[in-house]
Amino acid sequence: MSFTIIGTGSALPKTIQTNEDLAQFLDTSHEWIVSRTGIEARHICVDESILDIALEASVNALANAQIKPAELDLIICPTLGGDTVTPSLACLIQEQLGATCPSFDLNAACSGFVYGLDVADAYFSRNGDMKILVIAVDAMSKLVDWQDRATAVLFGDGAGATVLTSGDSLKAIQLTAVGNQHALSIPWPKGNHPLTTGQPHPAPYLLMDGPEVYRFAVAAICSDLRSVTQKAGIALADLDYIIPHQANQRIIEGAAKRLKLSIDKFVLRVDGCGNTSAASIPLVLDELNRNGLFKSGTRIALTAFGGGLTTGACVIEWA
Ligand code: ACO
């Protein structure tokens, strides 16, 4: 017994920054950003905390599932980090919802949502009937250097949530990790112990080798989709929707071409949100669910890649 998704929710901060807005203070242009990435605008937490958007997405998902917070048995929060190192974001979401269940954060960068589903799957295998909230949230605007045009233009903030109950919608899931500090990393501030003062602290902003991540991402989408559909016993052509991590339109188009699949099978939403890291897949999942695109038997593949380097993919059959 694994799980079935019974509710989805999402939240975006209300401040929208267009490419033209960024060109006011960065040496960049709408044409460059849109032609290299497909991104036109992103939402940025200005008046909202990370907890605020995580909570809004969670409340929406619980309402969609018609579940009360007190019924939750577990909260898993895939994120690069919330407003505080501790308490974890998951614990603060639990407090604000009025839930009483165990709650923890999980860091697998942009693959975090699929990692979260895999951990949830293990809980269902162990405990049977449960209700689990997986709430993925990232505020990349707080983690990039706004003077670095090569990275700042790529990201945005958002939150996406799902409520899971026991069922058999998950047909296959797999994770990978290849430790690699060079391709993508965000250094952490190192404190002020007197023995370490005077040592240089790297700035706590995202560092990325764009072309290396690009190559890794295209290869990962292709190999993960091939193997996860094989495990699920279906062909790639049998999928109704492929929801990839929304990092860059060109990455997704490159993978579709290599897989000889129509780009129409891939859901592309990078234009309005940029790369929202762990939140990008559940944001799309919620949009399609709310628009009534999922019917009983709809086959959906999720495929993610991110810092670590990590990847995760799964096949879900909508109940
Ligand atoms: N505006 C204008 N020019 C820019 C900008 C910008 N925002 N950023 C870089 N450039 C310049 C560079 O300085 C360079 O100039 P030069 O030729 O004079 O040296 C030129 O544009 C080309 O730079 P490249 O890095 O080669 O551009 P590329 O075509 O590779 O595109 C990009 C860069 C978009 C980052 C691409 O490599 C990419 O998409 N990589 C994947 C990265 C990604 O998606 N990361 C997020 C995913 S990671 C994750 O989700 C965990």
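All ligand and atom numbering here is 1-based and tracks the order in the structure.
- Side-chain contact check for C273 versus L12: some heavy-atom pair is nearer than 4.5 Å.
- Applying the side chain to side chain donor-acceptor pair (under 3.5 Å) definition to pairs two or more places apart or across chains, none involves residues 82-97.
- Counting only N and O atoms by type, the side chains of Q24 and E20 include no donor and acceptor under 3.5 Å apart.
- Within the hydrophobic cluster formed by Ile, Leu, Val, Met, Phe, Trp and Tyr side chains joined at under 4.5 Å, directly or through other members, V144 is accompanied by L22, F25, L26, W32, I33, I39, I44, V46, L80, M140, L143, W146, V153, L154, F155, L184, I186, L206, M208, V213, V270.
- The CD1 atom of I243 lies 6.0 Å from the CD1 atom of I300; values are rounded to the nearest 0.5 Å.
- Residue-level contacts of ligand 1 at the 4.0 Å heavy-atom threshold are D27, T28, W32, R36, T37, C110, R149, A150, V153, F155, L184, M208, G210, P211, V213, Y214, H245, A247, N248, R250, I251, N275, G306, G307.
- A ring pair (Phe, Tyr, Trp, His ring centres under 6.0 Å) check over residues 265-311, counting only residues at least two apart or in different chains, returns the pairs Y241-F294, H245-F305, F294-W318.
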